[in-house]
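Each chain gets a letter, A, B and so on, in the order its sequence line appears, and its residues count up from 1.
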Protein chains: 2
Amino acid sequence: MPDEDSLPEAHEQAARFTQVREAHKTEATEDYVELIDDLIRVNGEARLVDVASRMGVTQPTASKTLARLQRDGFINSEPYRSIFLTDQGKTLANESRLRHEIVFNFLLAIGVSRDAAVRDSEGMEHHVSEETLKVFEKVIRQNSK
Amino acid sequence: MPDEDSLPEAHEQAARFTQVREAHKTEATEDYVELIDDLIRVNGEARLVDVASRMGVTQPTASKTLARLQRDGFINSEPYRSIFLTDQGKTLANESRLRHEIVFNFLLAIGVSRDAAVRDSEGMEHHVSEETLKVFEKVIRQNSK
DNA sequence: CTTATAATTTAGCCTAGGCTCAGTTTATAC
DNA sequence: GTATAAACTGAGCCTAGGCTAAATTATAAG
């Protein structure tokens, strides 16, 4: 039961929520470039139809999001053609994949089932700070010995 | 380097992203009721001005969100008066607080600093499944021995 | 080589959640 | 008890990210 002292300072609490909102803004971008990178590796190219079906959205929704990614310099694509990552997009995709893998392997390491780890790492990866990520890596290393 | 087999089935991958999007929809609601509950405990009442400053948004933004929470049955409030949680709101606030505390204590238990734990638990709490939460609790118990 | 199908885009609509600026209501201070 | 300040609301705008329906372009089949 919290008492008077139990509330953090308003501006600190506000800063945290603001930070979470910032993270949300980049989530879609990260998820899309990560997926596009996967599709290129595995299929040789990334097509909108696959992006849409794997993101679980309709094609017009994927199309609109991809237009934003292009506007912001993460991808390149000609109308009706397949999608390419820019250097900026590749960098973000690599960072996202690494982070995703660390969170996933960490969950496995502490005993979470493969299924839940797959599901939870998708949402968690965007909200883990560098510091926490380092701790996750340490736990993974300890467990693999 | 992924090969042909490395992509999950499209419908499974889609289901995960859809699930994360669902979680996002309830995030704001959970954060607001949790905060309102805290304010009532500590201050005796929850006022919009405090909700806004602690969420890090302007008063009109908080006002609009609170209108939605009222529409959806989580809070009650008369115009220009303070905010009360409905039973549904209280239930959600309790669940959110519990979940938040588990994630926070788990991060501390594995060696994350207090500051980072405070920050990361805010974003992570909405993306941790029941199964993973149980594992987190187990780790907390092991560490407190 | 034409026709049918599949992929992509465009247009238009919706909700959530940000914002500013202006107005109204409530509380506070003389 | 009235003036000022603080709290709250309302109007209107923006972006992101969902959707459907319809048009366009590219591809495949005969």
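Between the CD1 atom of A/Ile75 and the P atom of C/dT8 there is a distance of 12 Å, given to the nearest Å. Whole-Å rounding puts the B/Leu69 CG to C/dT15 C1' distance at 14 Å. Between B/Arg81 atom CZ and C/dT25 atom C1' there is a gap of 9 Å when expressed in whole angstrom units. In this structure, OH of A/Tyr80 is placed 12 Å from C1' of C/dA6, rounded to the nearest angstrom. If you measure from atom CD of B/Glu78 to atom P of C/dT25, you get 15 Å, rounded to the nearest angstrom. Between B/Leu48 atom CG and C/dT25 atom P there is a gap of 17 Å when expressed in whole angstrom units.
Between A/Arg99 and A/Glu125, no side-chain nitrogen of the basic residue sits less than 4.0 Å from a carboxylate oxygen of the acidic one, so the salt-bridge criterion is not met. A salt bridge links B/Asp37 with B/Arg97: the distance from a Lys NZ or Arg NE/NH1/NH2 to an Asp or Glu carboxylate oxygen falls below 4.0 Å. For B/Glu22 and B/Lys25, the salt-bridge test passes: some basic side-chain N is under 4.0 Å from an acidic carboxylate O. No salt bridge links A/Glu9 with B/Arg54; every basic N to acidic carboxylate O contact stays at or beyond 4.0 Å. Under a 4.0 Å N-O distance rule, the pair B/Asp115/B/Arg119 does not qualify as a salt bridge.
Out of D/dA7, C/dA27, C/dT8, the shortest distance to the side chain of A/Arg47 is found at C/dT8. Comparing atom distances between the A/Gln59 side chain and each of D/dC19, C/dT8, D/dC8 picks out C/dT8 as nearest.
One side chain, B/Thr132 or A/Asp120, offers a donor N or O that lies under 3.5 Å from an acceptor on the other. With 3.5 Å as the limit, one finds a donor-acceptor pair spanning the side chains of B/Glu27 and B/His127. In this structure, a donor-acceptor pair under 3.5 Å is absent between the side chains of B/Arg41 and A/Ser6.
The closest donor-acceptor contact from the side chain of B/Thr65 to the backbone of B/Thr61 lies under 3.5 Å.
Note that the two end axes of the helix from C/dC1-D/dG30 to C/dC30-D/dG1 enclose an angle of 10°, each drawn from 5 base pairs, rounded to 10 degrees.
Nucleic acid contact class of A/Pro60 (heavy atoms, under 4.0 Å, all strands): base.
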Which pairs, protein N/O on one side and nucleotides 16-18 of chain D N/O on the other, fall under 3.5 Å?
residue	atom	partner	partner atom	Å
D/dA16	OP1	A/Arg71	NH2	2.9
D/dA16	OP2	A/Arg71	NH1	3.4
D/dG17	OP2	A/Arg68	NE	2.6
D/dG17	OP2	A/Arg68	NH2	2.5
D/dG18	O6	A/Lys64	NZ	2.5

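In terms of phosphate contacts, A/Ser63 brings a side-chain nitrogen or oxygen within less than 4.0 Å of OP1 or OP2 of C/dT9.
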